[in-house]
There are 2 protein chains.
Amino acid sequence: MFTPFRNKFLPEGDKWDSYVNCFKRIEVPAKTILLKEGEISKKMFLIEKGCIRVWYNNNGKDITSQFFFENEMVSSIESFRKGIPSLTAIETIEPGIIWWIHKKDLNRIIEEIKEIPRLRDMFINTIFERAFDYMKYFFSAIKDTPQQRYLNLIKERPEVIKRVPQHYIASYLGISTVHLSRIKSKLAKAKQ
Amino acid sequence: MFTPFRNKFLPEGDKWDSYVNCFKRIEVPAKTILLKEGEISKKMFLIEKGCIRVWYNNNGKDITSQFFFENEMVSSIESFRKGIPSLTAIETIEPGIIWWIHKKDLNRIIEEIKEIPRLRDMFINTIFERAFDYMKYFFSAIKDTPQQRYLNLIKERPEVIKRVPQHYIASYLGISTVHLSRIKSKLAKAKQ
DNA sequence: CGGATTTGATAACAAATGTTATTGCCCGTG
DNA sequence: CACGGGCAATAACATTTGTTATCAAATCCG
């Protein structure tokens, strides 16, 4: 059994099995749409193998907002939580193995978690950390040049550079593919 | 008594007085530093009158990350929560009246709140909303042109345009003061 | 294996944005 | 009232970044 969150989130002991049985396993090819733009999100995904991007359409161009890899959970979080149409789509980049849980089941688990102080605090902490992350992404988008953000990405998420096609990375950085190519070639020259 | 959060956050009845007594009132001139960059935040501020900006230094230039007005709460949230040195400074723009609460007192209040399901859920919801906000700011910084972000600001926070000196707005948008001037003059011409 | 599609690099030109310098206005203070 | 500092507009020039087009390499698929 695939158990990435056993020690991280879930209580040990009896509850475990009832939680784990809520997850369904699927195998998907590359470029599978797991959630369409405009659809209301009912599933949270957990990646056993593969990689996923979250993107949205901006005047015909698609912009990638995030990448996810093994052992990470993915959902269109605002749609999932509020039951509103998703601004973003969720799509696999590589073929992979995904586990998913239905919103109803996850909500039931969360309600139980909120009654256990240690888990409740972990839950709150996770939301805070996610907020801090977005805050830092926002700051970086304002203060750093595209080149600097590319260097940050190399340093903090080398996985992305290795596994993700370059045009998705460019759209994530908010620049054209041509400009990303230029940055790479400039860095390669500087390194010599 | 100044009670902006009475209905929003705090329980009615007995607890109220003990909570409200934790807040201290100060009057401050413009350009008062309420928290220095690098300092560990111990206070959360609540603005009765005036306006505040949060900013950080980036290679000698200062960049404004947020503006706050009446009835809003301000802190260097990551420093405040984790007890680490603040990346940002907090500074008044106008002379004003500020209420502040010490971290110890606020933590005590939060611990009590977390035991009351309705308030606990509001607390969790507030953190989620803050995370969604930062997420949207991040998306906007990537996908929108500076001109579009300026128009968004006019629409969503007209207060900022009216009360804040333009060079702070430019630093908030991540552009030079010259470029902001150009955007304004371009928009003025287009409007004629 | 071979053709189609995806991916990435580069050149040439256009548009957006930054830098520096200058000017003028407004406003607080002596 | 005069003066200085903070603030905003504008011009001239430099740099960054986008757009479009072309080509080559890698990869997928029948």
Side-chain angles (χ1 to χ4, degrees), chain A residues 28-32 50-51 53 55 58-64 67 91-96 140-151 153-154 160-192, chain B residues 28-33 51 53 55 58-64 67 91-96 140-151 153-154 160-192:
Chain A
V28 291
K31 303 208 177 190
T32 306
C51 114
R53 75 186 183 109
W55 61 274
N58 186 50
N59 294 114
K61 280 181 209 161
D62 71 78
I63 297 189
T64 300
F67 300 107
E91 181 180 343
T92 57
I93 293 177
E94 302 171 355
S140 174
I142 294 294
K143 76 174 209 288
D144 295 326
T145 62
Q147 176 169 325
Q148 188 57 54
R149 282 185 295 122
Y150 179 67
L151 290 169
L153 194 61
I154 291 176
V160 173
I161 310 293
K162 278 180 216 141
R163 292 170 67 176
V164 174
Q166 201 161 301
H167 59 283
Y168 293 150
I169 298 179
S171 87
Y172 173 77
L173 294 173
I175 62 180
S176 65
T177 56
V178 175
H179 190 45
L180 179 54
S181 251
R182 282 194 281 239
I183 288 171
K184 284 182 67 176
S185 100
K186 191 175 149 197
L187 290 172
K189 274 176 199 157
K191 208 172 181 181
Q192 284 174 359
Chain B
V28 291
K31 301 207 180 194
T32 305
I33 302 280
C51 112
R53 74 186 183 109
W55 61 273
N58 185 50
N59 296 112
K61 281 180 209 162
D62 70 79
I63 297 189
T64 300
F67 300 106
E91 182 180 342
T92 58
I93 293 178
E94 303 172 354
S140 174
I142 294 294
K143 78 174 208 287
D144 295 327
T145 62
Q147 175 170 322
Q148 188 56 53
R149 283 186 293 122
Y150 179 67
L151 289 170
L153 194 61
I154 290 176
V160 173
I161 310 293
K162 280 180 212 140
R163 292 168 69 175
V164 174
Q166 201 161 304
H167 60 285
Y168 294 150
I169 297 178
S171 87
Y172 172 78
L173 295 173
I175 62 179
S176 65
T177 56
V178 175
H179 190 47
L180 179 53
S181 252
R182 281 196 281 238
I183 288 172
K184 284 183 66 176
S185 99
K186 190 176 149 196
L187 291 173
K189 274 174 200 156
K191 208 172 179 180
Q192 284 175 359

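Chain A is the first sequence line, chain B the second, and so forth, proteins listed ahead of strands; every chain is numbered from 1. Everything numeric in this text was worked out from a predicted model, so none of it was measured.
With sequence neighbours excluded, the residues forming a side-chain hydrogen bond (donor to acceptor under 3.5 Å, both in side chains) with A:K184 are A:Q166, listed by chain and number. With sequence neighbours left out, the ring pair (Phe, Tyr, Trp, His ring centres under 6.0 Å) criterion links B:F67 to B:Y172. For A:D144, there are no salt bridge (charged side-chain N to carboxylate O under 4.0 Å, His left out) partners at least two apart in sequence or on another chain. Here A:T145 pairs with A:Q147, A:Q148 under the side chain to side chain contact (heavy atoms under 4.5 Å, CB included) rule; sequence neighbours left out. Taking B:I154 as the reference, B:Y150, B:L151, B:I161 meet the side chain to side chain contact (heavy atoms under 4.5 Å, CB included) condition, with sequence neighbours excluded. In this view, A:D62 and A:R53 satisfy the side-chain hydrogen bond (donor to acceptor under 3.5 Å, both in side chains) rule, not counting sequence neighbours. Remark: A:P165 engages A:I93, A:H167, A:Y168 in a side chain to side chain contact (heavy atoms under 4.5 Å, CB included) (not counting sequence neighbours).
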Please tabulate, one pair per line, all N/O donor-acceptor pairs under 3.5 Å involving side-chain atoms of residues 174-183 of chain A, not counting sequence neighbours.
from, atom 1, to, atom 2, distance (Å)
A:S176, OG, A:H179, N, 3.1

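Computed from coordinates, the B:K186 NZ to D:dT10 P distance equals 15 Å when rounded to whole Å.
The nearest pair of heavy atoms linking A:C51 to A:V164 is SG-CG2, 4.4 Å. Smallest separation of non-hydrogen atoms from B:A141 and B:R149: CA-CD, 3.8 Å.
Counting 5' to 3', DNA chain C first comes under 4.0 angstrom of a heavy atom of chain A and last does so at the ends given by C:dT7 to C:dA12.
Between the side chain of A:T92 and the main chain of A:V28, no donor-acceptor pair closer than 3.5 Å is present.
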Check: protein-nucleotides 4-7 of chain D nitrogen or oxygen pairs below 3.5 Å:
from, atom 1, to, atom 2, distance (Å)
D:dC7, OP2, B:H167, NE2, 3.3

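Taking the C1' atoms of five terminal pairs at each end of the helix from C:dC1-D:dG30 to C:dG30-D:dC1, the two resulting helix axes are inclined by 40°, rounded to 10°.
For the pair B:K31 and B:E91, the salt-bridge criterion is not met [side-chain N within less than 4.0 Å of a carboxylate O].
Residues from residues 173-185 of chain A that place a heavy atom under 4.0 Å from any atom of DNA chain C, listed by number: A:V178, A:S181, A:R182, A:K184, A:S185.
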